[in-house]
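Below, all heavy atoms of this structure are taken into account, side chains as well, without hydrogens, waters or symmetry copies. Chain identifiers are assigned alphabetically (A, B, ...) following the order of the sequence lines, protein sequences preceding nucleic acid strands; residue numbering begins at 1 within each chain.
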Amino acid sequence: MEYQFSSIEKKWQDQWKEKKAYQVSNDSSKPKCYVLDMFPYPSGAGLHVGHPLGYIASDIYSRYKRLKGFNVLHPMGYDAFGLPAEQYAIEHGVHPLKSTHGNIDNFRKQLDNIGFSYDWDREVRTCDATYYKWTQWIFLQLFNSYYDRGAKQAKPITELIAVFEKEGNANQVCPGDPKMQFDTATWKGFTQKEQQSILMHYRLAFCGYGEVNWCEALGTVLANDEVINGLSERGGHPVEKKKLRQWYLRITEYADRLLSGLDTIQFSEAMKEMQSNWIGKSYGAEIDFAVNGHDASLRVYTTRPDTVFGVDFMVVAPEHALIESITPDTHKAEVEAYIAYVKSRSERERIAEKKITGCFTGAYVVNPFNQKLIPIWISEYVLAGYGTGAIMAVPCGDDRDFKFAQHFNIPITNIIGDAFDGKEANPTKEAKLTNSEFLNGIIQKDAIAIVNEKLAEMGIGQRKVNYRMRDAAFSRQRYWGEPFPIKWMDGVANPLSENELPLLLPDVDNYGPGPEGEGPLANIASWKAENYETNTMPGYAGSSWYFLRYMDPNNESEFCSRKASDYWGQVDLYIGGTEHAVGHLLYSRMWTKALYDLGHIGFDEPFKKLLNQGMIQGSSRFVFRKRGTNTFVSAGLIGADEVDQLHVDVNMVDGFELDTEAFKKWKPDYANATFILEDGKYICSAEVEKMSKSKFNTVNPDDLVQKYGADTFRMYEMFLGPVEQSKPWDTKGIEGVHRFIKKFWRLFFDEMKGKVWVDEMPTAEELKILHKTIKKIEEDTERYSFNTAISTFMICINELYDAGCHKKAILEQVLILITPYAPHFAEELWSALGNQGLIVDANYPIFNAQYVLETAKEYPVSINGKVRANISISLDATEDQVREIVLANEAIQKWVEDKPVKKLIFVKGRMINIVI
RNA sequence: GCCCUGGUGGUGGAACUGGUAGACACGCAGGACUUAAAAUCCUGUGGGCCGCAACGCCCGUGCGGGUUCGAUUCCCGCCUGGGGCACCA
């Protein structure tokens, strides 16, 4: 009986479906385990071999945990709102819902091919009203909350109102406007509208005017992480700064918790690094410098208060509020011209050119420590949005300040003696200070605290922590997203009540932008008549909480019952790519914390362990066409002729050898192609690139599943290397895995003889092979080392094969071990052995150390670290006995001769080393 | 520029806490079976030296140092691939 994978796989996929084998209950006495994939955006291009890598890994882990007795939640769904579907709608007039559904069907078909154990009854789609109803609901939770800095947690806005009525805002600094202050009476004196406007400055989801990344070509606002070098991530269109009314999430209030929470979760160092860089916490001080001749002071933020005697000039951002009042008439024209120049420059130009520009205001501040007058400059390199929008420049210690000083011939004060060579700035903290009066002779890093104390004493400064992270822009001028559950009345945003949800996304006639940068919803008269918000939520809204919905997907009265979220808790294993490091992974952490603060869930980090799968790259193949001809030269024969290098479909190339007949049929242009061959072959050149349709280097999993079966495909993807590692795809090796599976099959069935397994008692040697394998597979699967697990299976089968073992008692156990990796195969043979029920419900074999006990060990014996002999010695031999045996050995004696043995190192069960 | 990662045979990779480097595969070479092919099986396969062969010896984990009885693994300095951040004061 031959291994007929296609009928076997079809059969078991049908059986699983029929028996609802992967349906998961929230009611179980077993321990829980939640294994999650980052759900995909269903693009029109379909899956290539890179996509399932993480899905296979998570599927193996889920199935393994299930066999180990866990109640495993392993769901899948679709992140279905987003730009591509809308772009497609604009170009082809197809409703995004329709194209999205088509893409989802196609995805599902491809996923089903591979035999995943998803509980499809729990599928979520972010674009379904039954789902986005709750996205809107969570938005309202954020809208109706503020962050209590004292308690370090989100609280209902009603509590804040109560505080205002009792004591004003003295103990609740306004995050949106820190200078705002009012007492009880003032609060009560405000109109309803004024009160609402103040509350907006506290809300966790709020609306405000702000500089945003505006992309004219896309007609929308983009988040910082959607802008790359001044161009939009999608489409590569220019992006500029523009002031618009936008919704934001006050994620900055969570900066510190997002940072400290990293210590409680298992993310890779690289991932934590990326997140903490993004949050960008810095410790420094704010210092007030009195402006000479004005009753005003300039507040700067610095991380280096120790350098205060080295300040040679101040620089403020062009937007700084103080500029107008302190610039003397003599400098007005110049300053205005410079500000106009800065405004004329796009973000893109600024980043691309990085020119040193600036302008002196004509005003001075006084250094509070030595009364020196310090000129105030304006320059675009100082950002209005960070710190106080003003810096004290210390050219001898900061590279940018140094270059600025050089460029404008500003004299430089050296406060670090020999550590500064006059040619470049030295940012050290280890130098001894000079020219610094009371700080002279003190090491810089020690001086920081001294200056901070002095500042506090003088009442002109204090320690200050700053974050680089900005509040997250949360609105898009697009159609295909969640509508905001907000009605505008007299300039006040009114939240819909819970029973008005969902606010359904209406149909539109055209998907183009509305008037004045508004979204397409602004084009609908009935929508405008209701005064609904015309923006929609960004792509990350739905994906920020989907892992909670899987726990309770059909709940119509709650986003997720507390009972369900208490049962499932954190995601135990989350698998996905690194590209979401500072987007999705940060936002979903924030949403989780907010929902936790408000008491809706019982944990404040969503993902306990994150595993990043590597990217599978494409291995492109190229042919060389002689310029102006239809003749193709084999790679090894390219001489002086001018040739054009062209991508060729990798599926027409075997290794490097081109199938010339297939090539001719590929495109009409090539029908009459002629070839210059080497050794009768056309050889292509190769390059590793990103896998993409346009490079003709994509490999479709469907083709491989058809040719080798899903089980072979699954195992091969894992065998390729560690999951975390990026690597180019190469189909060649799949044969080896396929051979292995067939070999395993032949332990059960012989092509001629049919059934060959037997019901005999296993020998000690066979039990040893089995238990060695159980131990290793378990260890490897637990640490996600799937590639080495597969090689362990190969070793096991090779050994059983060599031992001629066809014993059911052994084979059956190995089948259970391999179930997570090759589920269809295991299911088929499990039932062939006469077992009732599914192998996915079997009990995992239990390792018994007794079977693998060794009595002796083949010790490597080295002399001065070089292995010279292998000697078998009993494991319970004492060191003295070992010494005797080893030194008596002929091969060792030859090396030792009559030299004295200085030392003998004996590591039990490992090795022996003789030092002479 | 700063930060994080990786660099091991012809190839993918293994070696988990410092203890026989190259497991397991691919590829290649030779052989068996077959009319032939596919499939399957067997043998060899890091480089070099000496040899009829067995055996044996030397070198070898990006490069140069160091610690150690012993280093792919730890430390210092450099080269290099990949990723992230980038006027953040």
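Across all strands, A/Phe719 comes closer than 4.0 Å to base atoms (heavy-atom distances). Heavy atoms of A/Pro728 sit nowhere under 4.0 angstrom from any nucleic acid atom. Within the 4.0 angstrom heavy-atom criterion, only backbone atoms of the sugar-phosphate kind lie near A/Asn798; the bases stay farther away. Backbone-only engagement by A/Asn787 is indicated by non-hydrogen atom pairs under 4.0 Å involving sugar-phosphate atoms exclusively. A/Gln725 comes within 4.0 angstrom of the backbone, heavy atoms only, and of no base.
Nearer the 5' end of RNA chain B, as judged by each residue's closest nucleotide, is the contact made by A/Asp730, out of A/Asp730 and A/Arg746. Residue-to-nucleotide proximity on RNA chain B shows that, of A/Ile912 and A/Gln617, the 5′-proximal contact is made by A/Ile912.
As rounded to whole Å, 14 Å separates atom P of B/A89 from atom OH of A/Tyr467. Atom C1' of nucleotide B/C26 and atom CD1 of A/Ile734 are separated by 12 Å, given to the nearest angstrom. Between the NZ atom of A/Lys727 and the C1' atom of B/G7 there is a distance of 17 Å, given to the nearest Å. Taking atom NE2 of A/His320 as the reference point, atom P of B/A89 lies 17 Å away to the nearest angstrom. In this entry the distance linking NZ of A/Lys429 with P of B/C2 reads 16 Å, nearest Å. The distance between atom CG of A/Asn870 and atom P of B/C55, rounded to the nearest whole Å, is 13 Å. Counting to the nearest Å, the P atom of B/A89 and the CG atom of A/Asp312 are 20 Å from each other. With rounding to whole Å, A/Lys403 atom NZ is found 10 Å from B/G1 atom P.
Syn is the conformation of B/G9, whose glycosidic angle sits no further than 90° from 0.
Picking from B/C41, B/C24, B/G19 the nucleotide with the shortest atom distance to the side chain of A/Ser791 gives B/C24. With B/U40, B/A89, B/C16 as the candidates, the nucleotide lying closest to the side chain of A/Arg739 is B/U40. Here the nucleotide nearest the side chain of A/Leu383, chosen from B/A89, B/A25, B/C41, is B/A89. Closest contact between the side chain of A/Glu779 and the listed nucleotides B/G13, B/C16, B/A89 involves B/C16.
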List, one per line, each side-chain donor-acceptor pair under 3.5 Å for residues 315-322 of chain A, sequence neighbours excluded.
| unit_1 | atom_1 | unit_2 | atom_2 | d |
| --- | --- | --- | --- | --- |
| A/His320 | ND1 | A/Leu322 | N | 3.2 |

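Classification of A/Asp750 and A/Arg746 as a salt-bridged pair fails, no side-chain N sitting under 4.0 Å from a carboxylate O. A salt bridge between A/Glu799 and A/Lys772 is present, with a side-chain N of the basic residue lying under 4.0 Å from a carboxylate O of the acidic one. Residues A/Asp421 and A/Lys423 are not paired through a salt bridge, judged by the lack of any N-O separation under 4.0 Å between the basic side chain and the carboxylate. The pair A/Glu779-A/Lys775 meets the salt-bridge criterion, since a charged nitrogen lies less than 4.0 angstrom from a carboxylate oxygen.
Taking the P atoms as reference points, B/U17 lies 13 Å from B/G6, given to the whole Å. Straight-line distance between the P atoms of B/G62 and B/G22: roughly 16 Å, to the nearest whole Å. Distance check on atom P: B/G65 versus B/U73 gives 15 Å, rounded to whole Å. When the P atom is used for both B/C74 and B/G81, the distance is 23 Å, rounded to whole Å. Across B/C2 and B/U11, the matching P atoms stand 33 Å from one another, rounded to whole Å. Spacing between B/A14 and B/U68 at atom C1', rounded to whole Å, works out to 25 Å. Nucleotides B/C26 and B/U80 are separated by 27 Å at their C1' atoms, to the nearest Å. Separation of the P atoms belonging to B/C16 and B/G64 is 25 Å when rounded to the nearest angstrom.
The side-chain hydrogen bond (donor to acceptor under 3.5 Å, both in side chains) test applied to A/Tyr467 returns A/Asp256, not counting sequence neighbours. Residues satisfying the ring pair (Phe, Tyr, Trp, His ring centres under 6.0 Å) test with A/Phe719, not counting sequence neighbours, are none. Under the side-chain hydrogen bond (donor to acceptor under 3.5 Å, both in side chains) criterion, A/Lys768 pairs with A/Glu854, sequence neighbours left out. With sequence neighbours excluded, no residue satisfies ring pair (Phe, Tyr, Trp, His ring centres under 6.0 Å) with A/Phe847. For A/Phe404, the ring pair (Phe, Tyr, Trp, His ring centres under 6.0 Å) partners are A/Phe313, A/Trp377, A/Tyr381, A/Phe408, not counting sequence neighbours. Under the rule for a side-chain hydrogen bond (donor to acceptor under 3.5 Å, both in side chains), the partners of A/Ser862 that lie at least two apart in sequence or sit in another chain are A/Asn913. Taking the side-chain hydrogen bond (donor to acceptor under 3.5 Å, both in side chains) definition, one finds that A/Ser692 meets it with A/Ser694, sequence neighbours left out. Here A/Tyr801 pairs with nothing under the ring pair (Phe, Tyr, Trp, His ring centres under 6.0 Å) rule; sequence neighbours left out.
The side chain of A/Arg468 contributes no N or O atom lying less than 4.0 Å from OP1 or OP2 of B/A86. Considering only side-chain N and O atoms, A/Arg868 lies nowhere under 4.0 angstrom from the phosphate OP1 or OP2 of B/U20. Taking only side-chain nitrogens and oxygens, A/Tyr381 never comes nearer than 4.0 Å to OP1 or OP2 of B/A89. A/Lys866 has a side-chain polar atom (N or O) that falls below the 4.0 Å cut-off from OP1 or OP2 of B/C59. Residue A/Lys742 places at least one side-chain N or O under 4.0 Å from the OP1 or OP2 atom of B/U40.
Among the candidates A/Asn798, A/Thr712, A/Ile797, the single residue satisfying the side-chain contact (heavy atoms from CB on, under 4.5 Å) test with A/Phe740 is A/Ile797. Under the side-chain contact (heavy atoms from CB on, under 4.5 Å) rule, A/Val737 has a single partner from A/Lys742, A/Met794, A/Arg714, which is A/Met794.
Applying a 4.0 Å cut-off to non-hydrogen atoms, the residues of residues 267-274 of chain A that approach RNA chain B are A/Ala270, A/Glu273, A/Met274, listed by residue number.
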Nucleotides 64-77 of chain B: protein proximity per nucleotide (B base, S sugar-phosphate only, - neither; heavy atom, under 4.0 Å): -----BS-------
Intra- and inter-strand pairs of RNA chain B in dot-bracket (Watson-Crick or G-U wobble, both distances under 3.5 Å; | for another strand): (((((((..(((......[....)))((((((.......))))))((((......))))..(((((..]....))))))))))))....
